[in-house]
Amino acid sequence: MIKTLLAQVKEYKKASLLAPMFAVLEVFMEVLIPLVMAEIIDNGIGKNNTGYAIRMGLLMLGLAMLSLAFGVAAGRFAAQASSGFARNLRKGMFENIQTFAFSNIDRYSTAGLVTRMTTDVTNVQNSYQMILRMCTRAPITLICALAMTIYINASLSRVFLVAIVVLGAALAFIVKTAFPVFNAMFRKYDALNASVQENVTAIRVVKSYVRENHEISKMQKACAELCLMSVKAEKIICYNMPVMQLTVYGCMLSISWFGAHLVVSGSMTTGQLMSMFNYVMNILMSLMMISMIFVMLTMSKASMDRIAEILTEEAEIKNPEHPVKSVADGSIEFDHVNFAYGKNSKNVLEDVSIRIRSGETIGIIGGTGGSKSTFVQMIPRLYDTTGGEVRVGGRNVRDYDLETLRDQVSMVLQKNVLFAGTIKDNLRWGDQNASDEEIEHVCKLAQADEFIQTFPDKYDTWIEQGGTNVSGGQKQRLCIARALLKKPKILILDDSTSAVDTKTDAMIRKAFREEIPETTKLIIAQRISSIQDADRIIVLEEGKIHGVGTHEELLASNSIYRDVYESQMKGGTDDE
């Protein structure tokens, strides 16, 4: 895990090395100051040597100024390194998430991924900054101050060794007890973020059903659980301060008691005793910093694990060693295909075999949960089959370069997504170099140009995130236009005209027949009217092909298709 995270330091290695180096120099300057002070007391003030006291005073001032300068430099480089490290962690996670197959994404919640890239990275950033400064400063200060106390009076320095053992044992207990609680706390963060995200995304539904109080209750529950876990963790961490204070005051009393006896007996000078008190504070401050480091690292360990998990997650779908860089045509073949969403899960596609010629229009219909979407997601290799082969252009989809394959397969998914930006910006996802004329042409094919022309800014109209300022039907038509702009060899519409009226649906299908006859078109639909003029229709039932044929052939031979047709025709009669 540590190796994985440190690999993201990258261009900030220099700053990561300079920060502790300057911190060490800062410590050296600070450690020398009590020695100079002892000289001033014993040989300057004690012997009434004003000149010597002034010279030593100036030396002490110089050491203090150098310590300040080195401290500022250490802080600056630590901030630069930790901020850059956090930037690289977020960038690394985001880039790796972009390579994930759908099967990888299915294992993580959206809220969990957001928490890892925000809260978890912030925790690690703070820890890294603390490591660069305190993890260098505290141990070096402790060692140097201990060395100086031994140099001044070896017997009196044993007090600190006892203090270190006591504090170390207490910290070990706190860290061991607190770590599992912090792990659980971050899972509660995920739950809280999930609640917020779900509510904000579906706020219109919440208001439509007057469920604000229910959502508030859910939010309060998530907050209460997080609060409870946070309090539990903080209760354990709170033991750190009393133990530290007990150690500090114990050391102060011991040094005062034994030191006074040594001064009276002449074994120690007043200046040496004063410098011992300074080193006491240095040592105890170092111990306090070390305890804070342990606490911070305990809190961050869970975050580190979660970040490393994303960074080391390998995409389950990758390019082959020598990928094919071109797709010959839009022909598709399923050869005894099986698919399950997990190793021990039931197959959702079972022994599916069919050949689709390039340029054919294929309708796909079936009941809810019939695996229609899963069927078409095999074609651009959004999922890999667990058995059998899917071929496009005569080649196994596993042989293709992923970008090449997906560039030739345009999908309009069930959940149509538009991004914040203008209509042109959204459409150019299909082809970033598309001209205005090409954009208008595909919008006319998708029957989107008519409503776009009614907007004051036309194609420069701003689309809000998620397309909230356009209707469902308008959103679907824009997504279809975006898919057409790719000029694909295969076009897949996954129930993508459900929000448009039957007349507009018919006009879109007519435009497809006339304008892109060589493109293979797969249309998943709930309405038979949307696919009845297709070259062939596939009836999927519980992951199996129940029938294939034209509208007339299926009416005559397939009971499922006939039942759907009759129920829809009856519904239409009742409506009339």
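- Within a 6.0 Å sphere centred on CD of E314, heavy atoms belonging to other residues, nucleotides or ligands number 12 at most.
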Practice problem: Output, in order, the C-alpha distance, side-chain angles, deciding distance and verdict of side chain to side chain contact (heavy atoms under 4.5 Å, CB included) for D351 and I545. | Solution: CA-CA 9 Å; D351 195 30; I545 293 181; over 6 Å; no
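- N558 places a side-chain N or O within 3.5 Å of a backbone atom of Y561 that can act as its donor or acceptor partner.
- No salt bridge links E309 with R306; every basic N to acidic carboxylate O contact stays at or beyond 4.0 Å.
- Between the side chain of R477 and the backbone N or O of G473 there is at least one donor-acceptor pair closer than 3.5 Å.
- Formation of a donor-acceptor pair under 3.5 Å by the R536 side chain with backbone atoms of I362 is not found in this model.
- Remark: side-chain polar atoms of Q432 are not paired, donor with acceptor, to backbone N or O of W429 under 3.5 angstrom.
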Exercise. Might you work through the salt bridge (charged side-chain N to carboxylate O under 4.0 Å, His left out) test for D401 and K325, ending with a clear yes or no?
Key: CA-CA 6 Å; D401 172 71; K325 293 285 189 175; 3.7 Å; yes
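- The closest donor-acceptor contact from the side chain of N96 to the backbone of E313 lies under 3.5 Å.
- Using a 4.0 Å cut-off between charged side-chain N and carboxylate O, K486 and D431 make no salt bridge.
- Contact annotation: the side chain of L427 approaches that of C443 to within less than 4.5 Å [non-hydrogen atoms, C-beta and beyond].
- Contact between D494 and S373 at its shortest, heavy atoms only, is OD2-OG, 2.7 Å.
- Between the side chain of T361 and the main chain of A534, no donor-acceptor pair closer than 3.5 Å is present.
- Residues Y12 and S83 bring no donor and acceptor atom of their side chains to less than 3.5 Å of each other.
- For the atom pair CG of N426 and SG of C479, the computed distance is 8.0 Å after rounding to the nearest 0.5 Å.
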Self-check item: Stepwise side chain to side chain contact (heavy atoms under 4.5 Å, CB included) test for F94 and L113
Solution: CA-CA 9 Å; F94 189 77; L113 291 174; over 6 Å; no
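- Judged purely by atom type and a 3.5 angstrom limit, E438 uses its side chain to pair as donor or acceptor with the backbone of S435.
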Self-check item: Check against side chain to side chain contact (heavy atoms under 4.5 Å, CB included), R381 and Y400
Solution: CA-CA 10 Å; R381 206 183 167 200; Y400 284 109; over 6 Å; no
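- Side chains of D407 and T404: no donor on one and acceptor on the other come within 3.5 Å.
- The minimum heavy-atom distance between D460 and T422, with the atom names listed, is O-CG2, 3.6 Å.
- Within the 4.5 Å cutoff, the side chain of L540 has no heavy atoms near those of the I365 side chain.
- The two atoms that bring E514 and K510 nearest to each other are OE2-NZ, 2.9 Å, heavy atoms only.
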Exercise. Please test F334 against F375 for ring pair (Phe, Tyr, Trp, His ring centres under 6.0 Å), starting from the C-alpha separation and ending with a verdict.
Key: CA-CA 9 Å; F334 281 68; F375 174 80; 4.3 Å; yes
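- Heavy atoms of other residues, nucleotides or ligands lying less than 6.0 angstrom from NZ of K544 number 12 at most.
- A distance of 9.0 Å separates CD in Q526 from CD1 in I531, rounded to the nearest 0.5 Å.
- Heavy-atom contacts from other residues, nucleotides or ligands closer than 6.0 Å to CD of E542 number 12 or fewer.
- M411 is listed as a side-chain neighbour of L382, based on a closest heavy-atom distance under 4.5 Å.
- Among all heavy-atom pairs drawn from P488 and A483, the shortest one is CD-O, 3.7 Å.
- Atom CG in L418 sits 6.0 Å away from atom CD1 in I463 (nearest 0.5 Å).
- A salt bridge links R391 to E389: one of the charged nitrogens lies within less than 4.0 Å of a carboxylate oxygen.
- With rounding to the nearest 0.5 Å, the separation of NZ in K372 from CD1 in I538 is 12.5 Å.
- Residues V390 and E333 fail the side-chain proximity criterion, which asks for heavy atoms closer than 4.5 Å.
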Self-check item: salt bridge (charged side-chain N to carboxylate O under 4.0 Å, His left out) evaluation trace for D535 with K521
Solution: CA-CA 10 Å; D535 297 320; K521 298 165 282 291; over 6 Å; no
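- Applying the 6.0 Å contact sphere to CZ of R395 captures no more than 12 heavy atoms from other residues, nucleotides or ligands.
- The environment of K13 atom NZ is sparse: at most 12 non-hydrogen atoms of other residues, nucleotides or ligands sit within 6.0 angstrom.
- Counted within 6.0 Å of CD on E316, heavy atoms from surrounding residues, nucleotides or ligands total more than 12; the atom is thus considered enclosed.
- Between I364 and I523 there is no side-chain heavy-atom pair separated by less than 4.5 Å.
- Around the CD atom of E450, the shell of radius 6.0 Å holds no more than 12 heavy atoms that belong to other residues, nucleotides or ligands.
- At least one side-chain heavy atom of N88 sits less than 4.5 Å from a side-chain heavy atom of E11.
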Quiz item: Yes or no on side chain to side chain contact (heavy atoms under 4.5 Å, CB included) for Y459 and I439, after CA distance, side-chain angles and deciding distance?
Solution: CA-CA 9 Å; Y459 284 86; I439 287 173; 3.7 Å; yes
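- Between D335 and R355, no side-chain nitrogen of the basic residue sits less than 4.0 Å from a carboxylate oxygen of the acidic one, so the salt-bridge criterion is not met.
- The two atoms that bring A86 and Q125 nearest to each other are CB-OE1, 3.4 Å, heavy atoms only.
- Looking at R406, its side chain does come within 3.5 Å of a backbone N or O of P380 through a donor-acceptor pair.
- A donor and an acceptor atom, one from each side chain of N126 and Q129, are nowhere located under 3.5 Å apart.
- A 4.5 Å side-chain heavy-atom check between T385 and N338 finds every atom pair outside the cut-off.
- Checked against the 6.0 Å centroid threshold, Y383 and Y341 count as a close aromatic pair.
- Atoms CG and CD1, from L554 and I560 in turn, are 10.5 Å apart once rounded to the nearest 0.5 Å.
- Residues I307 and V124 are in side-chain contact: their nearest non-hydrogen atoms beyond the backbone lie under 4.5 Å apart.
- Of the possible polar contacts, one joining the T520 side chain to the G359 backbone as a donor-acceptor pair under 3.5 Å is found.
- Proximity of a side-chain donor or acceptor of D120 to a complementary backbone N or O of S303 within less than 3.5 Å is not detected.
- Side-chain atoms of H551 and Y565 form no donor-acceptor pair, as typed in the model, at a separation below 3.5 Å.
- When all heavy atoms are compared, the tightest approach of S557 to R562 is N-NH1, 4.2 Å.
- In this structure, CG in D563 is found 6.0 Å from CD in E566, a value given to the nearest 0.5 Å.
- Salt-bridge formation is not detected for the pair K489/D329: no Lys NZ or Arg NE/NH1/NH2 atom is positioned less than 4.0 Å from an Asp or Glu carboxylate oxygen.
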